[in-house]
Amino acid sequence: MKTAPKPWIFDFLLLAAVWGASFLFMRTASVEMGAVPTAAVRVAIAALTLLPLLVWRGQMPALRQHWKPVLLVGMLNSGVPFALFSFALLSITTGLSSILNATTPLFGTLIAWLWLKDRPNASRSLGLVIGFIGVALLAWDKASFKPDSHGIAPGWAVLACLLAATCYGITGSYTKRFLNGVPPLVTATGSQIGAALGLALPALWLWPAQWPSLHAWAALLVVGTVSTALAYIIFFRLIANIGPAKALTVTFVVPVFAVLYGAVFLGEALTPWMVGCGLVVVCGTALATGLLRLPTRH
């Protein structure tokens, strides 16, 4: 007897595909615009895309009711991480940054343990250890703090990606505690507005002296509308349907798409070390989130 397909599978794979593309578009834009302006324009475009839809759906009252926690989520889940990844992509490949992004559920599990007292069992605890070993090995390979041609050391880029993943992990627990039951469109729209407001002044201060090309603006338009506006509607819908822990595991699949896009469009190479460390990270995170479990004795 065949099992009926789970209705959230399509959302899961679609989200992985559009988030995988975000690394490609952010890299394209940040080379000309810089990290903070790239992130700011991205969330501003997403906010402008989502706001009319929110009004049309009659959900503005819900946003007004929950505006404080939603705006804070915007900075933690979009503003700061997007700026950090845009900074990192000036120095490391899209494939490596997406693998580091796959540590998000790892940090999410650790933060849920420390904050929500969601104590992991032996299997999940082992996963935390394995995952962090994989991250350490991956980071060690890029541990140089000597500036490259962009004036950025790969070591700082790796740390920026890990800090972004930590922000995502914090947001998962925060959303579960303070925004449970809020419609996904409200959270998605409000978070992008919050991120845009938070990044506005720093972006103006750091705006590039030379006006960016149409190529950079086109990349931002796509990443703002598809990889952000559409993606966050899907993401918060996934959280509502399958919970934050399972929804965050989409980051396991994102590197597959990001590496593919990077190889096809940017000619990036995937080294055996990255593959090996990435597998260690994914296995550890799968254990830490409960996706995989150690066999139990009977």
Side-chain angles (χ1 to χ4, degrees), residues 13-39 41-43 46 78 80-105 134-135 137-139 141-144 148-165 167-168 212-213 215-228 230-231 235 248 250-279 281-282 285:
L13 293 176
L14 178 60
L15 182 59
V18 297
W19 265 351
S22 69
F23 293 92
L24 171 68
F25 294 120
M26 282 195 297
R27 182 181 180 88
T28 301
S30 60
V31 169
E32 294 188 37
M33 299 190 70
V36 176
T38 294
V41 174
R42 174 182 178 177
V43 295
S78 297
V80 174
F82 290 173
L84 289 170
F85 274 118
S86 296
F87 166 80
L89 285 165
L90 293 171
S91 179
I92 61 176
T93 65
T94 59
L96 177 56
S97 60
S98 66
I99 291 173
L100 291 168
N101 181 57
T103 62
T104 294
V135 171
L137 292 172
L138 190 61
D141 188 48
K142 295 290 183 180
S144 171
D148 60 8
S149 58
H150 292 284
I152 301 171
W156 291 118
V158 169
L159 290 177
C161 290
L162 294 177
L163 180 56
C167 289
Y168 289 143
S213 67
H215 188 60
W217 283 109
L220 283 170
L221 182 62
V222 175
V223 79
T225 55
V226 179
S227 297
T228 310
L230 173 63
F235 177 62
L248 285 173
V250 71
T251 55
F252 296 164
V253 188
V254 168
V256 176
F257 290 96
V259 167
L260 177 63
Y261 299 145
V264 172
F265 297 107
L266 299 177
E268 294 179 348
L270 183 65
T271 66
W273 182 262
M274 286 171 57
V275 173
C277 293
L279 289 174
V281 169
V282 169
T285 310

Provide the closest heavy-atom pair for [X] versus [Y] in the form atom of the first, atom of the second, distance.
X    : Y    : result
S30  : T38  : CA-OG1, 3.2 Å
A29  : A216 : CB-O, 4.1 Å
F87  : A160 : CD2-CB, 3.8 Å
C167 : V80  : SG-CG1, 3.9 Å
T93  : M274 : OG1-CE, 4.1 Å
L89  : F23  : CD1-O, 3.5 Å

If you round to the nearest 0.5 Å, how far is [atom2] of [Y] from [atom1] of [X]?
X    : Y    : atom1 : atom2 : result
C161 : L84  : SG    : CG    : 8.0 Å
F25  : S86  : CZ    : OG    : 13.5 Å
T103 : L100 : OG1   : CG    : 6.5 Å
M26  : S97  : CE    : OG    : 7.0 Å
L96  : T271 : CG    : OG1   : 8.0 Å
Y261 : T94  : OH    : OG1   : 11.0 Å

**Report entry** Donor + acceptor pair across side chains of R42, T228 (<3.5 Å)
**Finding:**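 Yes, a side-chain donor-acceptor pair sits under 3.5 Å.
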Requested in this report: Using a 4.5 Å cut-off on heavy atoms from C-beta on, say whether the side chain of T28 contacts that of V31.
Outcome: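 No - every pair of side-chain heavy atoms lies 4.5 Å or more apart.
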Requested in this report: Would you indicate whether the side-chain heavy atoms of L220 and M33 approach each other to under 4.5 Å?
Outcome: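 Sidechains of L220 and M33: in contact.
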Query raised in the report: Checking R27 side chain against A88 main chain: does a donor-acceptor pair fall under 3.5 Å?
Result: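 Such a contact is absent between R27 side chain and A88 backbone.
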